[in-house]
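Take a look at the structure set out below.
Below, chain A is the first sequence line, B the second, and so on; all start at residue 1. Quick note: numbers below take in every heavy atom, side chains included, and nothing from hydrogens, waters or symmetry partners.
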Amino acid sequence: MNLRVLVVEDDAEIRALIQSSLSVEGFTVQTAVSLSEASALIRHDLPDILVLDLGLPDGDGLSLVQEVRKTQSLPILMVSARHQEAQKIQALDAGADDYLVKPFSVGELLARIRVALRHRGTALAAAVTTHTLDDLHIDLASRLVTVRGQTLHLTPTEFKLLARLVRSAGRVVTHRQLLGDVWGAEFTEHTHYLRLYMGQLRAKIEQDPAEPRHLLTETGVGYRLAVS
Amino acid sequence: MPVVLRWAHMKAPTPLSGQPWFPWLAVVALLSAATVSGSLLDNHVSLTSEAMLYVLVVVLASYTLEYLPSVVCAVAAVTAFNFFFVPPRWTFEVDSQEHLLALLVMLAVALLISHQSALLRRETRLAHLNALRATRVQELASQLANATRAADVLAAGQSAFNQAFAGPCMLALLPPDAAAPFAPDLPADVREGLQSCMRDAAALGPGTGRWPGLNAWYLPLGHADPMCGAVCIQNIAATDFAGRAHAQALCALLAQTLWRLRLSQEMQKSHAEAQHQQVQSTFLAAISHDLRTPLAAVVGAASALQTQGDKLSATEQARLLASIVSEASHLSSITENTLQLVQLTNAAQPPRRDWESMEEIVGAVLARLRVRDSTRRIQSKVPDGLPLIQVDAVLIAQLIANLLDNALKYSTDAIQLQVRLSDGAMQVCVKDRGHAIPLPLQQSIFEPYARNDQSGQRGAGLGLALGRAIASVHGGSLTLHPRRGGGNSFCFSLPLSAQQPAGEMP
């Protein structure tokens, strides 16, 4: 059976564009133009993936993310304009999986959906515990990280930080989520910890820390472990 | 410690001269001294010399004591002289006309001296007070010169009045200098007096000719237009002309400062307004040209594909599609820069600053730009161990991307991106080997929609204007220097925070 995607977008052109490009890739596409229509559709029949525009006529999409996340774990991909920085981060913190900034290319959209699907159901199936890209191998179970054949010595905090990114490999993880998961809920505003530890991790993992290949920065939002 | 000092001051014994009975004791002591020394010299000197002793005592009393004790001293001295020395002694009677005349003259001289020295003393005191008041006016003036808010003026004025008058003194400012003119706990009669004083722009109270029955002065700050506020000074004397002049001088000073503040605020507002207008109009100018051109290209290419798609070769179709994508992304970057510039120029809210790593920002920018830099012309040099900086990372990334974009567009050789520390600032430079920008253009290229047009390259001329705005909201600057050996070097520097973020790293 084809995977079903629900696209919530009020702009007719963009809605049609997303619909046609996803259909070509073999998805079954449903569309909605408002939050109320979307939540009615979701209640009626849960889709496999939700692509959600942040600026809709009846709200900013954040409320829908919160509502869906109460009970469902389907991948949620947000589409936002550049000026919606704050809402975007709020929605990610509320449990959305990833985001795209308008204007985006169809290639980007498909890549994000592929990553989101790979993580789908990880709550039920075995969690991601290994990661390999180019010369970097990470095995969380045996706490082994090797780069260019060399085993790395990471401090406990560095390892926790890297492990958090591995569990969401390919997806953006916000500053708040990283700080909360690695350091604890009371440290979610201490972004300087993150900067310093990411700097240390990059110095150990990256060939050129100033132009990272693995530990990517999403400026103003968070970090992403590259998967391809 | 101030509390202890005040306590000590209150508990310290009042000096002898401050006691209310001291002048009278002094009068008695002086007269006794004159009488005793007169009796001791009685057998050796004449009556005239004894009289002189009393005159000496009277003069001493008038120079050191208040008016009333010194007059009493004068009368008592004449009486005592009469009683103890003028024959017949030990009576108040006077036996000869000559002695009576001498006593009367002595009384007149004594009273005259007392009166004169009392006058002199009062004038000296007034001169001291005036000098003190002049100093206070000067102090207030220098305090007010640095005031930037009406609240500062209110505080300085209140303390000046409290210092000058026993009071209590109540100062009220009218909007827009204060949210509400009157404190809620202000007594109704004071409020009414202040209101009436501000409405008529005239002083009220004893000695002013208006409402003389009051126990307070109500003085306006400023004239009818602009009226800035008023002050109420309670417990004053109608005859204190110098005091009222002083209060009015303070009022004039406060009104002048408030007026100056209002003017400068209005000037700032209209300056911002003018700048806003200018940005708006340049934005409109840009829409008319810079947005239309890429739009025309997109529409042209798309409609060609639509109507002649099947007649065009595969390469031709691919070229048109590539042109649509590149023109549209160009449009998108113009829009982005314009919106950001308008937002920054309006500057309603300061940028969202956080602790950021320059290495990270540079890395993120390069990741985006390498798509257009397939031959890796950009060579970055970021030293290890840079301190963190407090900036809005999105804005700084946009600034670096704009500089690199320009360098890619206007030059063909290698481009250096360098980050370094100098003089408590972090400096980021983008250096190219393109044509040096001519001297007359070196300032104007930072204006919105200005561009070094000789290259024939397309751009909206917004990148540098936005870059300068971004650097300046971060307290830094963006400058251009021609490079030795040809090319341009665009550098911006951001001040480093004096302190790195605190907190042990868990």
Side-chain angles (χ1 to χ4, degrees), chain A residues 13 81-86 88-89 101-108 155-158 160-161 172 174-176 179 182-184 186-204 206-224 226, chain B residues 325 328-333 335-337 339-340 343 351-371 376 378-398 400-401 417-419 497 499-506:
Chain A
E13 292 297 325
R82 191 56 66 88
H83 66 270
Q84 291 168 320
E85 202 84 14
K88 180 169 76 193
I89 295 171
V101 177
K102 283 181 192 172
F104 55 88
S105 70
V106 171
E108 277 177 275
T155 66
T157 308
E158 287 169 357
K160 267 169 93 177
L161 182 57
V172 67
T174 63
H175 298 139
R176 186 174 261 279
L179 284 163
V182 175
W183 279 271
E186 65 270 40
F187 292 100
T188 48
E189 303 300 324
H190 293 50
T191 29
H192 56 280
Y193 292 166
L194 260 186
R195 307 284 174 223
L196 295 168
Y197 274 93
M198 284 306 288
Q200 292 174 20
L201 265 184
R202 282 201 178 107
K204 291 184 180 177
E206 301 286 354
Q207 202 149 21
D208 178 4
E211 225 179 317
R213 165 81 184 92
H214 302 286
L215 299 167
L216 308 182
T217 307
E218 296 280 325
T219 311
V221 179
Y223 297 93
R224 188 194 294 277
Chain B
V325 171
S329 55
H330 174 60
L331 262 179
S332 155
S333 92
T335 318
E336 203 56 55
N337 279 340
L339 288 179
Q340 195 69 264
Q343 214 171 13
R352 211 169 49 108
R353 291 182 183 214
D354 207 342
W355 287 107
E356 301 283 352
S357 138
M358 187 54 88
E359 183 184 72
E360 239 171 45
I361 297 175
V362 166
V365 171
L366 287 178
R368 250 189 298 151
L369 279 184
R370 286 299 184 204
V371 185
R376 297 186 74 84
I378 301 173
Q379 297 161 359
S380 72
K381 205 164 94 185
V382 183
D384 292 333
L386 284 176
L388 297 179
I389 43 172
Q390 266 189 309
V391 295
D392 182 330
V394 176
L395 290 180
I396 297 298
Q398 196 166 6
I400 297 175
L417 169 61
Q418 293 171 353
V419 182
S497 316
Q499 286 169 315
Q500 283 288 295
E504 274 298 300
M505 292 265 266

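For the set B/Arg370, B/Glu359, B/Glu360, the count of heavy-atom pairs under 4.5 angstrom toward chain A peaks at B/Glu360. If you tally non-hydrogen atom pairs under 4.5 Å between each of A/Pro212, A/Gly220, A/Pro209, A/Ser105 and chain B, the highest count goes to A/Pro209. Ranked by heavy-atom pairs shorter than 4.5 Å toward chain A, the options B/Val382, B/Val362, B/Asp354 are led by B/Asp354.
There is no contact between A/Pro156 and chain B, counting heavy-atom distances below 4.5 Å. Contact of B/Ala397 with chain A is made through the side chain alone, with heavy-atom distances under 4.5 Å. Proximity to chain A is limited to the side chain of B/Leu388, based on heavy atoms less than 4.5 angstrom apart.
Remark: A/Arg213 pairs with A/Asp134 by the salt bridge (charged side-chain N to carboxylate O under 4.0 Å, His left out) rule, at least two apart or across chains.
In this structure, B/Arg376 pairs ionically with A/Glu211, as a charged nitrogen and a carboxylate oxygen lie closer than 4.0 Å.
By the 4.5 Å heavy-atom criterion applied to side chains, B/Gln390 and B/Trp355 are counted as neighbours.
Note: A/Tyr193 and A/Phe187 have tilted aromatic rings, judged against thresholds of 30 and 60 degrees for the angle between ring planes.
At a cut-off of 3.5 Å, with distance as the only test, a side-chain donor of A/Thr217 or A/Arg202 sits close to an acceptor on the other residue.
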